[in-house]
Amino acid sequence: MDKFVVLDGLVAPLDRANVDTDAIIPKQFLKSINRSGFGPFAFDEWRYMDVGQPGQDCTNRPLNSQFSLNQPQFKGASVLLTRQNFGCGSSREHAPWALLDYGFRAIIAESFADIFFNNCFKNGILPIVLPTPVVDRLFAETLATPGYRLVVDLPNQVVRTPTGDAIPFEVDAFRKECLINGWDDIGLTLRHADAIHVYEDRRRHEQPWLFAK
Amino acid sequence: MAKTLYDKLWENHVVRQEEDGTALIYIDRHLVHEVTSPQAFEGLKMAGRKAWRIDSVVATADHNTPTDGWEKAEGTACIDDEISRLQVDTLDANIRANGALAYFPFKDLRQGIVHVVGPEQGATLPGMTVVCGDSHTSTHGAFAALAFGIGTSEVEHVLATQTLVSKKSKSMLIRVEGSLGKGVGAKDIVLAIIGKIGTAGGTGYAIEFAGSAIRGLSMEGRMTICNMAIEAGARAGMVAADDTTIDYVQGRTFAPKGSDWDKAVAYWRTLHTDEGARFDKVVELDARTIQPQVTWGTSPEMVIGINDQIPDPAKEQDPVKREGMERALAYMGLNPNTPIAGVPIDKIFIGSCTNSRIEDLRQAAAIVRGRSVAANVMLALVVPGSGLVKRQAEEEGLDKIFKAAGFEWREPGCSMCLGMNADRLSPGERCASTSNRNFEGRQGPMGRTHLVSPIMAAAAAIAGRFVDVREVL
């Protein structure tokens, strides 16, 4: 996993609530057995005028000019700004894979769905929850200011605006440390292999039916 | 101190805990399907790791598998879509290489939707932690288990360590008291709950469903309720263990036997919320007020009673919500302030991990018996949740009732719930569906999904439009 420390990124707005993971990456792309290559199909149904198929070359597909991410000023964005309950629905990790492959490293929203929120941290994406009035203000500034950028400073837990405001955000200490160091969760957990064995032995004795073969 | 069911399940699985509350929790049962596992097995192999306890794994193929044409060719060769076939074959290869407690490959009699198969085999037991790379894992909470969906990185984490890094959620009690009206069932209860608390209402919570209306449900009904906890935003939903739970589990393949059975039952009897335990949030519903439900929009919270009018965005104060409603109405091709009853239907889907169990099929068949699918309905599908559900239904003659009425009787799988296989909607088609998500494009690009109960779907098939099922009972 790539480290996440400080990100200075162009902001793209997606002004919708309840964006579900079916919208982020439609089901036909879930047939892949790889983790990469989902970026061109992120938001496929909203982004293109035709229906995408896995493995397709997307360079000449007709774009939906109404879709915010297709507007030229948001090309190359790495910060996605959106609304409540982002990432609801299916647990598909293909959703954060698609967003990462598209180029997003941070997502700012009023709230996130639990499984998606969790999946982001496993892939080096920082999901940031900010209060509605702050998100409203960021939307207004993004739309009013061409080339609007934000600096996401994870060690200090602040989002810095171009005018120098520092907006604080919360993040779990453990998740923060993993992101900053790019740590592999599994490696960390296996340091506690002894504790897992002790727990398992006790339960094997107390509730043997759970270990029946 | 008095504990909630969730407290008990959580505390019983904590291996160790950090100061900030981050815990390592032990996973008893790992359900695996073909869509969210290939990258996890690949990751395990690349890191040179071995599965920690492979006999916790129960695997089957469900999302990509076709529901007809099985006889065309041997094994997976009958899967026309090459990429789908590769994914099913990859699961096969991964299980052969790594092992499993049980694997029900494509076309096995016991194959089916993973959330139907687990309970059916007794592989889901009270008191367990159950995970799967699938958000509808919440289904298994019906057994007083702590069950929730995970992403593929976590699938790999469970394979490698038998644990997950997690933090305890807040607790919510949803109490549904009173007796249900005629023609109203588990699906209507859970849709009404989602309509009340919203699709983000349960975010950050583990929900316990309780009250006389929940206790009165069969295990099938409780599974329908817990299945859609995720549609209310909660990763986990659960119901306390009682005689209904224990009777369902007894005698199933992986259920405890002999003296283990008695010991297990004694423990399972403790799996309920203690008198006086505190919840972070309590929501109450009166079962008597719940009507047969139909969704009108593109989120499960956009739901109304069958005799209600489609809501008017102009009356919504919140601008983000209003815009969402306007977009949903445009997508669904519906007008505000008009009745949902009478809206014509193109396709009917009875199936999915929400509603494809034997009780669902019995109830739908009772509506269909001696009647015919309306001429305007292009396709009416019944897709049993597993090969065993299908066999049971056929032994009861349900297949004949459906076929005589003009339904197609299919092989088990996820089918048209998400259209990863050949069953899907074409643009603009409107479907009465017993599945769980009415998101844009869920059942096929530009398809229009209305979520309903099995008997409401059956009644819609006969009438060719939405009707109040109570009129045909």
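Everything quoted here is computed from the prediction, not taken from an experiment. Each chain gets a letter, A, B and so on, in the order the sequences are listed, and its residues count up from 1.
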Does a donor on one side chain and an acceptor on the other come within less than 3.5 Å for B:Q39 and A:W97?
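Looking only at side-chain atoms, A:W97 and B:Q39 do not form any donor-acceptor pair under 3.5 Å.
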Any side-chain donor paired with an acceptor under 3.5 Å for B:T36 and A:E93?
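Short answer, no.
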With no hydrogens and no angle check, is any side-chain donor or acceptor of [X] less than 3.5 Å from a backbone partner on [Y]?
X: A:K122; Y: B:E154; value: no
X: B:Q87; Y: A:L30; value: yes
X: A:K27; Y: B:R442; value: yes

Would you please go through residues 15-26 of chain A and name the residues with a non-hydrogen atom below 4.5 Å from one of chain B, in numerical order?
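The residues closer than 4.5 Å to chain B, in numerical order, are A:D15, A:R16, A:A17, A:N18, A:D20, A:D22.
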Can you say whether B:K257 sits under 4.5 Å from chain A via the side chain, the backbone, both, or neither, judging by heavy atoms?
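Neither part, no heavy atoms under 4.5 Å.
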Side chain / backbone / both / neither for B:N12 at chain A, heavy atoms under 4.5 Å
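Answer is both: backbone and side chain atoms of B:N12 are under 4.5 Å from chain A.
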I need the [X] [atom1] to [Y] [atom2] distance, nearest 0.5 Å.
X: B:H136; Y: A:S90; atom1: NE2; atom2: OG; value: 8.5 Å
X: A:D114; Y: B:R235; atom1: CG; atom2: CZ; value: 6.5 Å
X: B:F148; Y: A:N118; atom1: CZ; atom2: CG; value: 9.0 Å

Take B:R53 and A:F211 through the side chain to side chain contact (heavy atoms under 4.5 Å, CB included) test and state the conclusion after the steps.
CA-CA 9 Å; B:R53 186 161 78 81; A:F211 297 85; 3.6 Å; yes
